[in-house]
Structure formats: structure tokens, C-alpha cells
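The next block holds one structure in the form of C-alpha cells; read it before the comments.
Just so we're on the same page: letters track the sequence lines, and every chain starts at 1. Scope of the values below: all heavy atoms of this structure, side chains included, with no hydrogens, waters or symmetry mates.
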2 protein chains.
Amino acid sequence: MVMDFSQIRRSEHLPARIASQIGREISDGRIIAGEKLPTEHILAKTFGVSRSVVREAIAQLRNEGLVETRQGVGAFATDIEHRHSIRIEQGNLADRVSFQSLFQLRLPLEIEAAGLAAVNHTAEDLSKLDEALEQMTGGEKWTEKGVLADLAFHRQIAASTHNEYFLLFLGFIAERIHLAINTAREAAVLTEIVEVTIAEHLSIRDALASRDPIRAREAMRHHLNGAASRLNLQLKVY
Amino acid sequence: MVMDFSQIRRSEHLPARIASQIGREISDGRIIAGEKLPTEHILAKTFGVSRSVVREAIAQLRNEGLVETRQGVGAFATDIEHRHSIRIEQGNLADRVSFQSLFQLRLPLEIEAAGLAAVNHTAEDLSKLDEALEQMTGGEKWTEKGVLADLAFHRQIAASTHNEYFLLFLGFIAERIHLAINTAREAAVLTEIVEVTIAEHLSIRDALASRDPIRAREAMRHHLNGAASRLNLQLKVY
DNA sequence: ATTGTACGGTTGTCTGATAACCTTATATGC
DNA sequence: GCATATAAGGTTATCAGACAACCGTACAAT
């Protein structure tokens with residue numbers, strides 16, 4: 001059998017690439033909402049793969065809400081408003097610009113969350129926050145455990161807003177950022193500055209405890225600015 | 001005709017049911033993170049379906065980030081923090097508290113986006129923004145077209161930040177919110193106030209054009225506050 | 001005009017086989 | 001003895017072809 005190198009090279013997961021290719025056709029409007037996609041047979045022949053691969057690709061698009069399938073009829077591009085998920089490929093964050101962009105998105109959310117948490121938190125929230133703080137001070141270095149405690153601290157603030165979406169989005173974003181940091185840089189760089197982080201966390205905690213949203217926002221802004229500069233990011237903050 | 005009730009009712013998408021069943025095993029902790037799932041052969045035999053169905057189920061779990069597969073090795077349950085997608089069921093937004101929560105999340109993002117867009121936008125961005133504005137003024141009423149133009153306006157601001165994640169997140173959130181509005185209330189309520197919206201949009205546009213981030217942020221804040229009160233939401237805004 | 005039926009096309013599922021890949025164990029060369 | 005190369009077995013990835021379930025339409029029968 002003769003290989004056809006005009007086709008995409010087999011680097012990564014065939015169905016995913018075909019799914020993103022079809023997905024682009026939809027996003028870019030070359031396939032209009034409601035329009036019927038080519039049949040699986042035709043798609044298979046078009047991409048030069050088997051029907052199994054096409055089916056898996058379409059299944060992925062269906063999970064993302066970009067298409068709907070009806071047995072015996074076909075697959076149809078859905079209206080954009082049926083998309084009910086958002087997705088970040090971790091690989092994208094290896095690129096510095098992308099990483100910085102996500103960090104910049106995180107800023108206003110964390111600051112707002114701090115302000116809301118200052119107003120809305122309960123006594124139980126505060127004690128959970130203190131637990132997370134203790135776990136950071138307990139560990140000597142910026143170990144795996146320290147990173148998890150840092151995540152837990154921010155997560156608890158998001159939870160203290162008592163707004164489910166702040167927890168959902170911030171938890172997701174913070175995890176992605178921390179994961180990118182851990183894979184990209186050696187943890188050693190960060191050991192020396194863990195005391196600074198703890199001090200900043202404490203100042204946030206105190207502002208929260210006194211139910212002062214303005215101070216809580218300022219403390220969080222200061223903390224994130226510090227974290228950004230420690231990561232050599234150049235962010236505009238207002 | 002004789003029905004065979006011994007079989008499971010073939011009501012809905014075999015792979016989806018199996019995926020949710022396996023997914024529950026993971027969520028409920030019966031399969032620990034990092035643990036290897038049974039092989040596809042065994043799963044197929046266990047559930048009494050073919051390997052194709054099992055594969056499609058596992059592909060769905062992989063899309064949701066609950067498992068990772070390695071060719072030649074197996075499928076493994078991932079830690080929760082490896083989930084790389086975020087999802088909102090539209091049904092949740094029917095509930096007023098949830099809707100208000102999402103709107104509150106949107107506020108700081110839109111405001112920050114306005115500030116960033118004021119600094120980062122290009123001439124091309126501005127002309128696209130004007131296009132969206134014209135489409136709103138052109139239509140007489142708050143029709144389907146008007147809603148789309150409103151979405152396009154906010155979307156263009158997010159794009160003008162030249163930060164891919166602002167576009168990704170804000171586009172997603174704004175779409176969810178607008179869809180919830182359109183399904184919950186009759187459009188008629190909103191026809192009378194379309195002029196106010198246009199005026200506020202214009203003020204945002206002018207602040208952007210003069211590259212004044214502070215004014216842009218204030219204009220956006222004012223606009224969103226107005227929109228919130230028109231929807232009878234009670235939000236804390238700082 | 002309404003109902004029934006046959007037909008072609010499409011997705012859903014099944015079966016079996018081959019390729020690509022990983023892990024482990026064994027053999028080989030030094 | 002030790003490191004490297006090779007072989008073997010198991011698992012996922014992909015392929016190929018078939019049948020089942022289902023849909024829409026056209027046409028015949030009443």
C-alpha cells in the first residue's frame with residue numbers, strides 16, 4: 001500500500017485532529033448552523049481514514065455540542081448557542097504569550113472574588129481558609145504539598161463568594177496555571193519566595209476576616225501583582 | 001409482535017450510558033486516580049456490548065478529561081485537576097440565583113476587557129466595532145438580529161483585547177446569558193429599552209476610540225449595571 | 001385524501017483482523 | 001557483571017466489511 005503524505009502526518013491522535021478540522025469548518029461558518037454534514041462514508045473517503053475514526057471525531061464534536069446526530073438522517077451543525085462547554089488544551093499554555101494571557105484573565109476574577117468573599121463568607125469559610133494557610137506554613141519548602149495548599153487557599157476564597165461560577169471558573173483557571181508552572185519551571189526557583197507568598201496570603205485573610213471588601217481586593221491585587229512579577233510576567237493591571 | 005423486555009431499553013445512546021456508568025465509578029472513588037481501567041475487551045464482555053461501543057464510551061470520558069489512554073498500555077483514571085474543560089448545563093441557568101451568579105461573574109471580566117481593549121485595539125478592531133453598532137441602530141426593534149448584534153458588539157470588545165482567553169471565556173459566558181434571557185422572557189419586554197442600550201454602547205465605543213482605559217471601564221460598568229437593573233438583578237458591584 | 005408499504009440512504013452496532021506501541025523478559029556482546 | 005539489543009505478549013489505534021435500526025420519501029391501495 002502506498003502512503004499518501006499529502007494527508008496530515010500521524011503525530012497526535014487522528015480523530016482529534018479530524019474533529020478540530022471539522023469543528024473549524026463550523027466555527028468559521030463554512031458549514032452553517034442546521035446544515036447537514038457529509039455522510040460518514042464521504043468524510044472517511046475525504047480524509048482518507050476509516051469510518052471508525054470519523055465516527056470518533058463526530059462523537060467528540062457531539063460532546064462539545066457542535067453537532068447533533070440523528071440516526072438514519074445524518075449529522076447536523078448546531079447553532080452556536082448549543083455549545084455548553086469551554087476547553088483549554090494544556091499544551092497551549094507552554095507558550096509564554098498564552099500563559100500570560102490566561103494569567104491576565106485570572107486577575108480581575110480573583111480580585112472580584114476576594115471582594116465578594118469579604119462580604120459573603122461564613123465563619124466556616126474562614127476556618128477552612130485558616131486550615132489551608134496552616135498547611136502552607138507547616139511545610140518548609142515549596143513542595144508539592146505547598147503548591148496544593150496554595151491552590152486550596154485560592155479555591156477556598158472562590159468558594160467563600162458563595163457563587164458557584166466563581167468556584168467553577170477560578171478553580172479551573174488556577175489549576176491550569178499551576179500545572180503549567182509546575183511542568184515548565186523547576187520548583188527550586190520558588191522555594192526562596194514562599195515566605196512572601198504566605199505573608200501576602202495572611203494579609204488577604206485578615207482583610208477578609210474584617211469583612212472589608214476594598215482592602216481584600218487591594219490585598220489580592222497586590223498578591224497577584226507580586227506573583228506575576230515573580231514569574232517575570234508583564235501585565236497591565238488597573 | 002413480541003417485545004423482548006429482558007434487554008435494557010434501547011432508549012438513549014448506548015455509549016453515553018456506559019460512559020456515565022464508568023464515569024460514576026471514577027467520581028464515586030471506586031476507581032482511584034491513576035488506577036488502570038479494565039481492558040476494552042473485558043469491559044465489552046462485562047457490559048455485554050461490542051468493543052466499538054466501549055471505545056466510544058472511553059473516548060467520551062477522555063474528552064471530559066476523566067481518563068487518559070496510552071496506546072499499548074491502557075486507560076487510566078485521571079486526577080480531577082487534569083480535567084481540561086468547563087461546562088455549564090443551560091438548564092441550570094433557568095434558576096434565578098444561578099443566572100444572577102453567572103452575570104456577576106461576567107461583570108469583572110467585561111470591565112477588564114473594556115480597559116484592555118481601550119489600550120490594545122487596532123484600527124481594524126474599531127471599524128468592526130462600528131459595524132456591530134450600525135447593525136443595532138439599523139434594526140427598529142429588539143429582534144433576533146438586534147440580539148445578535150449586541151452579542152457581536154461585546155464579542156468584538158473581547159477580541160480587541162488581543163487576549164485569546166478573554167474572547168473564549170466572555171464569548172461563552174455572554175452567549176449563555178443571552179440564551180437564558182431569550183428563553184426565559186419574551187423579547188417584547190426589551191424592545192422599549194433598546195435605545196438606552198445603544199446609547200451606552202456608543203459611550204463605550206467612544207471611550208475605546210480615545211484609548212482611555214479608565215473611561216472605558218467606567219462606561220462598561222455603567223452599561224452592565226444598567227443591564228442588570230433592567231433584568232431586575234441585585235448585584236454588588238465595586 | 002388517507003393509509004399502508006416498499007425502498008434507498010444514514011447512523012448505530014457488531015465482528016474480526018492488522019498496525020502501532022508499551023512493558024517485560026531473555027539473550028547477546030563486551 | 002553490566003549494559004544493550006532483541007523477542008514476546010498484551011493493549012490500544014485503526015481498518016474493513018457487514019448487519020440492524022431508523023428515517024424520509026415515493027408510490028400503490030383503499
Side-chain angles (χ1 to χ4, degrees), chain A residues 1-22 26 31 34-78, chain B residues 1-23 26 31 34-78 82:
Chain A
M1 167 170 180
V2 181
M3 294 287 298
D4 181 3
F5 285 103
S6 70
Q7 288 300 94
I8 21 188
R9 198 80 199 90
R10 55 172 303 87
S11 56
E12 265 303 327
H13 214 213
L14 213 37
R17 271 181 301 161
I18 291 182
S20 76
Q21 198 155 336
I22 299 177
I26 298 176
I31 299 180
E35 193 174 352
K36 185 173 171 304
L37 270 62
T39 71
E40 296 177 348
H41 270 291
I42 295 178
L43 286 175
K45 197 147 289 183
T46 303
F47 289 106
V49 298
S50 79
R51 206 182 136 212
S52 318
V53 173
V54 170
R55 278 192 60 74
E56 198 164 318
I58 289 184
Q60 180 173 334
L61 293 174
R62 193 174 41 212
N63 286 343
E64 296 172 6
L66 269 77
V67 306
E68 282 174 358
T69 59
R70 280 188 294 163
Q71 181 171 345
V73 184
F76 299 84
T78 67
Chain B
M1 156 150 110
V2 182
M3 298 283 297
D4 182 3
F5 288 105
S6 70
Q7 287 299 93
I8 21 184
R9 200 83 196 83
R10 52 181 311 90
S11 57
E12 266 305 326
H13 218 214
L14 210 38
R17 271 182 301 164
I18 292 181
S20 75
Q21 198 156 337
I22 298 177
I26 297 176
I31 299 180
E35 194 175 354
K36 184 175 172 304
L37 270 63
T39 70
E40 295 177 349
H41 269 291
I42 296 178
L43 285 175
K45 198 146 289 183
T46 303
F47 288 106
V49 298
S50 81
R51 207 184 134 214
S52 320
V53 174
V54 170
R55 277 192 59 76
E56 199 163 318
I58 288 184
Q60 180 172 337
L61 293 173
R62 193 176 41 214
N63 287 343
E64 296 171 5
L66 271 76
V67 306
E68 281 175 358
T69 60
R70 279 186 293 162
Q71 180 170 335
V73 184
F76 300 84
T78 67
H82 283 90

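- To the nearest 0.5 angstrom, B:N63 atom CG is 8.0 Å from A:E56 atom CD.
- Atoms NE2 (A:H41) and P (D:dC15) sit 14 Å apart, rounded to a whole Å.
- Across the protein-nucleic acid pair, B:E40 atom CD and C:dC22 atom P stand 16 Å apart, rounded to whole Å.
- In this entry the distance linking CD1 of A:I42 with C1' of C:dT11 reads 13 Å, nearest Å.
- Across C:dT11, D:dT11, D:dC15, the shortest atom-to-atom separation from the side chain of B:T39 is found for D:dT11.
- Residue B:I31 comes nearest to B:A77 through the heavy atom pair CG2-CB, 3.9 Å, listed as atom of the first residue, atom of the second, then distance.
- Here B:R62 reaches the OP1 or OP2 of D:dA13: one of its side-chain N or O atoms lies under 4.0 Å away.
- Contact between the side-chain N/O atoms of A:T69 and the OP1/OP2 oxygens of C:dT10 is not found at any separation under 4.0 Å.
- One interatomic measurement links the two molecules: CZ of A:F47 to P of D:dT14, which rounds to 14 Å at whole-angstrom precision.
- Across the protein-nucleic acid pair, A:R70 atom CZ and D:dC23 atom P stand 9 Å apart, rounded to whole Å.
- With D:dA13, C:dT13, C:dT23 as the choices, the nucleotide that has an atom nearest any side-chain atom of B:V73 turns out to be C:dT23.
- Here A:T78 contributes atom OG1 and A:E68 contributes atom CD; the two are 6.0 Å apart, rounded to the nearest 0.5 Å.
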Open item on the list: side-chain contact (heavy atoms from CB on, under 4.5 Å), that's the test. Do B:L37 and B:E40 meet it? Break it down for me.
Closed with: CA-CA 9 Å; B:L37 270 63; B:E40 295 177 349; over 6 Å; no
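- With hydrogens and angles ignored, a donor-acceptor pair closer than 3.5 Å exists between the side chain of B:Q71 and the base of C:dA20.
- Listed nucleotides: C:dT13, C:dT11, D:dT14. Nearest to the side chain of B:R55: D:dT14.
- Other residues, nucleotides and ligands contribute at most 12 non-hydrogen atoms within 6.0 Å of the NZ atom of B:K45.
- One can place CD of B:E56 at 17 Å from P of D:dT12, the figure rounded to the nearest angstrom.
- When the C1' atom of C:dG9 is taken as reference, atom CG of A:L37 falls 16 Å away, rounded to whole Å.
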Can you name the atoms? Protein N/O to nucleotides 15-17 of chain C N/O, anything below 3.5 Å, with the distance.
unit_1 : atom_1 : unit_2 : atom_2 : d
C:dA17 : N6     : B:R51  : NH1    : 3.4

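- The one candidate from A:I18, A:L43, A:L66 that meets the side-chain contact (heavy atoms from CB on, under 4.5 Å) condition with A:I58 is A:L43.
- Contact record, B:P15 with B:A57: O-CB, 3.5 Å, taken as the closest heavy-atom pair.
- Going from atom NZ of A:K36 over to atom P of D:dC23 covers 15 Å, rounded to whole Å.
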